[in-house]
J.: 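Please read through the structure below; I'll follow up with questions.
What you are looking at is a predicted structure, and each value in this text was computed from that prediction instead of being measured.
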Amino acid sequence: MAAGAATERLRERLLGPRPSPTEALWAWLGPLIAMAVGGFLRFWHLGRPHQLVFDETYYVKEGWSLILYGHERRVPDSLKHPDRLFTNGTPDVFGTQPDMVVHPPIGKWVIGAGEALLGINNSVSWRFGVCVLGTLSILLLGRVAWRLFRSATLATIAATLLALEGNHFVHSRTGLLDLTLMFWALAGFAALLVDRDRSREVLARKVGAIWEAGGRHAARIARGPRGDLQYGPFLGWRPWTWVAGLCLGLSASTKWSGVFFLAAFGLMRVFWDMGARRAAGVRRWRTGAVLKDGVLAFVATVPVSVVVYLVSWTGWFRSTDGYDRQWAAEHPAAGPGWVPDALISFWQYTKETYSFHVGLTTPHTYQSNPWSWLIMGRPTSFFYESPRQGHDGCVVEQCSKAITNLGTPSIWWGATAGLLVVVFMWALRRDWRAGAILAGLAAGWLPWFHWQERTIFTFYAVAFVPYVVLICTYCLGLGIGPPDATRQRRRWGMAAAGSFVVLTAAMFAFFYPVWTAEVIPFSHWQWRMWFPSWV
């Protein structure tokens with residue numbers, strides 16, 4: 001056998017054919033163009049309205065408090081109209097008491113960084129950091145789609161659909177935490193995809209070298225008790241796994257629900273490693289994956305994420321007056337003496353936060369059940385005003401000025417139908433790409449079914465919107481067919497995919513006013529509220 005032939009054949013089995021340079025170039029250019037267009041749309045009139053909308057009333061002020069004090073301080077109850085003061089040039093609305101906050105700091109640091117960079121009296125600054133991450137996530141999803149499908153066309157479609165997705169669009173223009181959670185979870189997913197490709201390259205090279213060196217004795221080497229094909233070779237330190245651990249740690253340091261992405265993607269990586277070793281001819285591929293991949297993967301993700309989470313609270317640890325910061329000193333018998341007081345206090349704070357989350361059952365007008373999220377049964381209203389004629393640019397008797405966290409219907413309803421296809425392809429066709437998409441969807445969506453009695457909202461779904469887009473992209477790819485499909489099949493498939501993207505762009509344009517607080521006639525707002533549950 002020619003030198004390198006076995007390695008190349010094994011590499012193709014593990015990773016598929018090598019893409020052409022032109023295809024690889026367009027896999028960058030297409031998503032970059034989509035990001036440029038999506039970024040322009042997101043930054044255009046980002047400061048409208050110059051008001052704190054929905055939960056910005058918490059996170060925008062908490063972000064600024066982190067910049068000023070390193071931890072969140074409470075707005076005194078005696079202070080009247082703090083939102084109005086904050087937006088009209090008096091941002092220091094904080095008292096001297098610490099605030100008991102229920103989400104980790106990273107998302108608020110993202111908001112605070114924009115405020116520090118652009119000036120606190122500029123409403124663009126409240127949303128700037130989140131908008132940057134929303135824009136970058138368009139490119140990131142395009143690159144994820146490239147790693148999944150090895151198609152520049154599908155990579156560009158995925159990036160374009162995310163650029164035109166309403167839930168993602170509204171979050172990109174609002175100073176909330178959920179898009180930051182989504183971004184870092186997606187970045188961790190992307191890092192694991194890079195690790196998958198690179199580790200399989202290493203596996204193909206090492207196993208291929210064994211067969212080439214062993215010649216006709218390779219089978220004996222493989223069967224031997226110390227043969228490299230008994231459990232498979234060690235694949236190195238795999239730096240992209242450590243990057244994934246860092247990103248997933250940042251996700252969990254934005255909201256605790258990021259932990260579910262850490263768990264789902266960690267299991268996903270283990271199954272990928274098992275499949276790679278099995279395809280490479282490793283005899284004990286399960287044991288080999290656990291011993292030679294799994295232990296290191298655990299260290300690179302779970303402990304790294306824990307460290308990132310603790311570091312994210314540095315401002316609280318360095319303070320003397322953060323919420324519960326002195327709890328251990330006030331309760332000296334509460335913990336073992338060898339544990340630092342700061343960690344005991346932090347654990348107490350964590351328990352209080354957990355109790356708040358599981359006990360949050362206060363009814364809300366826009367709360368929704370997770371069963372309805374995929375079909376957008378009850379989108380969340382972030383902002384609504386009813387200007388009268390002659391006010392705020394209203395030229396008719398009554399107008400509407402709204403921000404409704406409504407997803408683009410073609411994407412969400414298309415994904416709802418396509419979900420059955422993806423489940424079929426994973427369960428019965430063993431398509432790893434379908435399984436990867438389902439892992440992201442499950443991590444962001446399924447845990448909420450456990451807390452259905454809790455007050456929860458449809459806008460949480462932005463955490464898994466990339467995987468909703470990937471479901472649509474996957475199904476469009478099935479319609480287009482593989483590169484060796486007939487010309488007629490690909491022509492009709494491309495026409496269908498193009499029509500879907502055009503339909504999505506038309507819907508984006510139609511709903512744009514109710515995503516951006518444009519002043520429109522009340523009747524025009526009603527045209528866009530297709531169902532009573534959307535009002």
J.: Phe459: which residues meet the ring-ring contact (aromatic ring centres under 6.0 Å, His included) condition with it, sequence neighbours left out?
T.: Phe54, His171, Phe382, Phe457

J.: Go through the structure and list residues passing ring-ring contact (aromatic ring centres under 6.0 Å, His included) with Tyr384, not counting sequence neighbours.
T.: Trp525

J.: I'd like to check Trp256 versus Thr350 (side-chain heavy atoms, cut-off strictly below 4.5 Å). Are they in contact?
T.: yes

J.: Which pairs with one or both residues in residues 105-117 pass side chain to side chain donor-acceptor pair (under 3.5 Å), sequence neighbours excluded?
T.: Glu72-Lys108

J.: Pick from Ile520, Val519, Thr404: which one makes a side-chain contact (heavy atoms from CB on, under 4.5 Å) with Pro513?
T.: Ile520

J.: Looking at CG of Leu470 and CG of Leu186, how far apart are the two atoms once the value is rounded to the nearest 0.5 Å?
T.: 8.0 Å

J.: Taking only residues two or more places apart in sequence or in another chain, which ones pass salt bridge (charged side-chain N to carboxylate O under 4.0 Å, His left out) with Asp178?
T.: Lys255

J.: Is there a side chain to side chain contact (heavy atoms under 4.5 Å, CB included) between Trp272 and Leu193? Walk through the geometry before answering.
T.: CA-CA 10 Å; Trp272 284 353; Leu193 284 169; 3.6 Å; yes

J.: Count the heavy atoms of every other residue, nucleotide or ligand shown that sit under 6.0 Å from CZ of Arg84, and state whether that count exceeds 12.
T.: no

J.: Between Trp413 and Phe531, what is the ring plane arrangement, given parallel below 30°, perpendicular above 60°, and tilted in between?
T.: perpendicular

J.: Out of Leu141, Val462, Val465, which residue meets the side-chain contact (heavy atoms from CB on, under 4.5 Å) rule with Glu165?
T.: Val465

J.: So, using side chain to side chain contact (heavy atoms under 4.5 Å, CB included) as the criterion, who are the partners of Ser345 when residues are at least two apart?
T.: Trp316, Trp327, Ala328

J.: Within the distance-only criterion (no hydrogens, no angle test), does the side chain of Ser65 pair as donor or acceptor with the backbone N or O of Lys61 below 3.5 angstrom?
T.: no

J.: With a 4.5 Å heavy-atom cut-off, do Thr380 and Tyr460 have their side chains touching?
T.: no

J.: Who are the disulfide bond (SG atoms under 2.5 Å apart) partners of Cys399, not counting sequence neighbours?
T.: Cys394

J.: For Tyr58, look at atom OH and say whether over 12 heavy atoms of other residues, nucleotides or ligands are found less than 6.0 Å away.
T.: no

J.: Who are the ring-ring contact (aromatic ring centres under 6.0 Å, His included) partners of Phe40, not counting sequence neighbours?
T.: Trp44

J.: Where do His357 and Val102 come nearest, in terms of heavy atoms and distance?
T.: NE2-O, 2.7 Å

J.: Please work out which of the three classes, parallel, tilted or perpendicular, describes the rings of Tyr474 and Phe149, given edges at 30° and 60°.
T.: tilted

J.: Check for me whether the distance between the ring centres of Phe260 and Trp448 falls short of 6.0 Å.
T.: no

J.: Answer yes or no: is there a side-chain heavy-atom contact under 4.5 Å between Glu518 and His45?
T.: no

J.: Have a look at Thr473 and tell me which of Leu476, Val469, Ile471 forms a side-chain contact (heavy atoms from CB on, under 4.5 Å) with it.
T.: Val469

J.: Quick one: list whatever passes salt bridge (charged side-chain N to carboxylate O under 4.0 Å, His left out) with Glu23, sequence neighbours left out.
T.: none

J.: Using modelled atom types and a 3.5 Å cut-off, is there a donor and acceptor pairing between side-chain atoms of Ser368 and backbone atoms of Thr458?
T.: yes

J.: With a 4.5 Å heavy-atom cut-off, do Ser381 and Asn405 have their side chains touching?
T.: no

J.: Near Trp426 CH2, under 6.0 Å, is it more than 12 heavy atoms from other residues, nucleotides or ligands?
T.: no

J.: Measuring centre to centre across the rings, with the benzene-like ring taken for any Trp, is Trp515 within less than 6.0 Å of Phe508?
T.: yes

J.: Indicate yes or no for a side-chain donor-acceptor contact from Trp534 to the backbone of Met376 under 3.5 Å, with no hydrogens or angles considered.
T.: yes

J.: Excluding sequence neighbours, so at least two apart, what forms side chain to side chain contact (heavy atoms under 4.5 Å, CB included) with Ala191?
T.: Trp240, Val243, Ala244

J.: Please name all residues satisfying ring-ring contact (aromatic ring centres under 6.0 Å, His included) with Trp371, sequence neighbours left out, ordered by chain then number.
T.: Phe449

J.: Where does the angle between the aromatic ring planes of Phe189 and Tyr467 fall among parallel (under 30°), tilted (30 to 60°) and perpendicular (over 60°)?
T.: perpendicular

J.: Is the ring centre of Trp313 less than 6.0 Å from the ring centre of Tyr349?
T.: yes

J.: Would you list the pairs meeting salt bridge (charged side-chain N to carboxylate O under 4.0 Å, His left out) in which at least one residue belongs to residues 306-324, sequence neighbours left out?
T.: Arg73-Asp321

J.: For Val60 and Gly175, which heavy atoms make the closest approach, and how far apart are they?
T.: CG2-O, 4.1 Å

J.: Should the ring pair Phe317 and Phe346 be called parallel, tilted or perpendicular, given that the plane angle runs from 0 to 90° and is split at 30 and 60?
T.: tilted

J.: Pairs in or reaching into residues 181-197: which pass side chain to side chain donor-acceptor pair (under 3.5 Å), with residues at least two apart or in two chains?
T.: Arg147-Asp197, Arg150-Asp197, Asp195-Arg238, Asp195-Thr241

J.: Can you establish whether the number of heavy atoms outside Phe271 located under 6.0 Å from its atom CZ is more than 12?
T.: no

